[in-house]
Amino acid sequence: MSDHPLLSVTGVTKRYGAHIGCADVSFDLYPGEVLGIVGESGSGKSTLLNCLAGHLAPDAGQVVFDTRGHGPRDTITMSEPERRMLGRTDWAFVHQHARDGLRMGVSAGGNVGERLMAVGARHYGDIRGKAADWLDRVEIDTDRIDDRPSTFSGGMQQRLQIARNLVTGPRLVFMDEPTGGLDVSVQARILDLLRGLVRDMGLSAIIVTHDLAVVRLLADRLMVMKSGHVVESGLTDQVLDDPQHGYTQLLVSSVLQV
Amino acid sequence: MTVQDYQAEPAYNFAYLDEQTKRMIRRAILKGLAVPGYQVPFASREMPMPYGWGTGGVQVSAAVLTPDDRFKVIDQGADDTTHAVSIRSFFERTAGVETTTKTALASVIQTRHRIPEAALTEDQILVYQVPIPEPLRFLEPRESETRKMHSLEEYGLMHVKLYEDISRHGHIATSYAYPVRVEGRYVMDPSPIPKFDNPKLDDCPAIQLFGAGREQRIYALPPYTKSVSLDFEDHPFDPSKAAHPCGLCGAEDSYLDEVILDDKGGRLFVCSDTDYCEERQAQGHRGKDAA
């Protein structure tokens with residue numbers, strides 16, 4: 001791990017009128033590290049993630065990303081074209097619902113190739129080759145490269161969305177409940193896949209979820225949010241095995257043991 | 001009736017539209033010429049014809065016509081279809097301008113879905129009727145998003161469409177409304193002209209104006225503007241046409257319509273540009289199906 005954080009967040013605050021979305025969130029994310037953000041519905045996890053990924057403009061705070069070309073830059077004050085460029089190259093965003101992140105009217109190959117074409121790839125054979133390679137990496141049969149995602153199962157759609165996001169070799173992946181809405185066996189496969197990809201590619205990731213099993217498997221560190229505030233953070237195992245804050249204790253104890 | 005007759009009647013104005021409206025449209029045209037390929041919004045008026053019949057083109061024509069102009073209307077290359085005849089007579093009645101079917105004699109040409117075969121000159125204006133001005137429309141339904149994509153030059157999605165064509169058909173199957181990049185900046189829909197006509201857009205001496213009435217957009221190509229058809233390195237742009245000579249005039253270089261003659265497989269390929277075909281026949285050229 002490098003000494004410089006890949007993403008350095010200070011005092012990010014987002015209000016919806018009088019309501020607090022998230023308040024005064026600060027953390028550093030180092031290259032190759034996976035950070036989990038857990039909390040109940042309405043605790044501000046998704047608001048925070050959208051602020052970090054540039055989908056929402058926070059009311060206060062800094063999100064400094066260590067860009068490839070220009071070193072650490074505050075992504076909130078950078079121009080929109082630059083931010084959107086980051087969103088196509090160094091960043092990836094995996095939505096909870098694959099339909100939000102895919103173009104349902106475009107074939108699987110086209111979905112994976114879109115990011116490549118968006119950064120200037122203009123050789124059909126190369127684009128198709130890379131798309132096939134990525135479909136293979138996420139365990140989608142390459143025969144289905146010309147099928148539309150609407151003919152795919154939920155799990156396959158989610159894996160396609162992951163392939164589409166990772167094809168340009170991003171360094172930071174934002175994931176919003178990547179396994180929500182999938183049955184447990186499919187969840188396990190996706191988690192397995194994600195864990196492999198994160199380790200192989202040395203990705204950093206921020207995973208928002210309410211599923212403690214997901215963060216137990218994937219995350220190195222954990223932040224617990226409640227009512228827009230971070231109430232506890234630390235190493236994943238430490239937080240889950242020895243929760244200090246009352247809310248975290250409640251969260252951990254409310255997981256059903258089968 | 002002449003122009004003077006209309007000026008004598010105060011309720012009527014030259015070329016149907018009132019002067020303030022024409023001024024507004026001319027402003028949009030000038031802006032369009034200043035920013036080639038950029039879609040300029042304008043307050044499209046209700047015209048005495050339904051949307052889809054060239055209300056955009058008619059408004060642009062009305063704004064650029066002067067009493068000295070000679071006007072020609074093309075519908076899919078032809079001068080003698082209902083559409084072309086109606087719009088020609090519309091401007092004969094409302095503007096009293098001279099009309100013609102000869103490309104070389106016309107100073108303003110309103111066209112639907114074709115560029116004339118005969119080379120255009122610096123003295124001519126070509127007005128296109130455009131149904132859907134937004135080249136990204138069927139890929140990205142949100143207008144707010146397509147505008148942002150234009151302003152930030154995010155055109156990767158256009159290639160996704162071409163990618164889909166190749167993956168499904170083995171070649172770029174888009175055969176009309178083929179997107180072009182104007183002066184290396186805006187991606188533009190050249191209206192539903194066949195891609196055979198795309199090379200004629202490039203470096204054209206005439207002014208090219210595009211009017212979309214329902215969508216309320218005007219865009220333009222000033223003379224000698226560079227416009228490049230999008231393609232892939234390994235699937236270059238191909239301005240294809242039917243591999244036949246014209247049955248009536250024998251032309252090998254013109255865009256052809258296929259006409260079914262009977263139910264026994266009989267067919268005839270003829271120039272879609274009727275003026276070009278007639279001119280060649282008058283010069284003595286004959287195709288194999290000429291009577």
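Just so it is clear: chains get the letters A, B, ... in the order the sequence lines come, proteins before strands, and each one is counted from 1.
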Trainee: Heavy-atom count around A/His70 NE2 within 6.0 Å, excluding the residue itself: above 12?
Mentor: no

Trainee: Of the non-hydrogen atoms in B/Asp234 and A/Tyr124, which two are nearest, and what is the gap between them?
Mentor: OD1-N, 2.7 Å

Trainee: Could you list the residues that satisfy salt bridge (Lys or Arg N to Asp or Glu O under 4.0 Å) with B/Arg45, not counting sequence neighbours?
Mentor: none

Trainee: Within the 4.5 Å heavy-atom criterion, are B/Tyr163 and A/Arg128 side-chain neighbours or not?
Mentor: yes

Trainee: For A/Leu116, is it the side chain, the backbone, both, or neither that has a heavy atom closer than 4.5 Å to a heavy atom of chain B?
Mentor: neither

Trainee: How far apart are the closest heavy atoms of A/Gly110 and B/Glu164, and which atoms are they?
Mentor: CA-OE2, 3.7 Å

Trainee: How about B/Arg185: does its CZ atom have over 12 heavy atoms from other parts shown lying under 6.0 Å from it?
Mentor: yes

Trainee: Is the count of non-hydrogen atoms from other residues, nucleotides or ligands lying under 6.0 Å from B/Arg137 atom CZ greater than 12?
Mentor: yes

Trainee: Can you tell me if A/Lys130 has over 12 outside heavy atoms packed within less than 6.0 Å of its NZ?
Mentor: no

Trainee: CZ of B/Phe138: more than 12 outside heavy atoms within 6.0 angstrom?
Mentor: no

Trainee: By number, which residues in residues 24-44 of chain B have some heavy atom less than 4.5 Å away from chain A?
Mentor: none

Trainee: If I take atom CZ from residue A/Arg122 and atom CD from residue B/Glu233, how far apart are they, to the nearest 0.5 angstrom?
Mentor: 9.0 Å

Trainee: Could you tell me whether A/His19 atom NE2 has more than 12 heavy atoms of other residues or ligands within 6.0 Å of it?
Mentor: no

Trainee: Taking heavy atoms only and a threshold strictly under 4.5 Å, list by residue number the residues of residues 148-161 of chain B that touch chain A; give 'none' if the list is empty.
Mentor: B/Lys148, B/Met149, B/Leu152, B/Glu154, B/Gly156, B/Leu157, B/His159, B/Val160

Trainee: Report, by ascending residue number, the residues of residues 199-232 of chain B in heavy-atom contact with chain A at a distance under 4.5 Å; give 'none' if the set is empty.
Mentor: B/Asp231, B/Phe232

Trainee: Which of the residues A/Gly105, A/Ser107, A/Gly125, A/Gly113 is involved in the greatest number of heavy-atom pairs with chain B at under 4.5 angstrom?
Mentor: A/Ser107

Trainee: Sort B/Leu162 into side chain, backbone, both or neither according to what part of it lies under 4.5 angstrom from a heavy atom of chain A.
Mentor: neither

Trainee: Let me know if A/Arg115 has heavy atoms under 4.5 Å from chain B in its side chain, its backbone, both or neither.
Mentor: neither

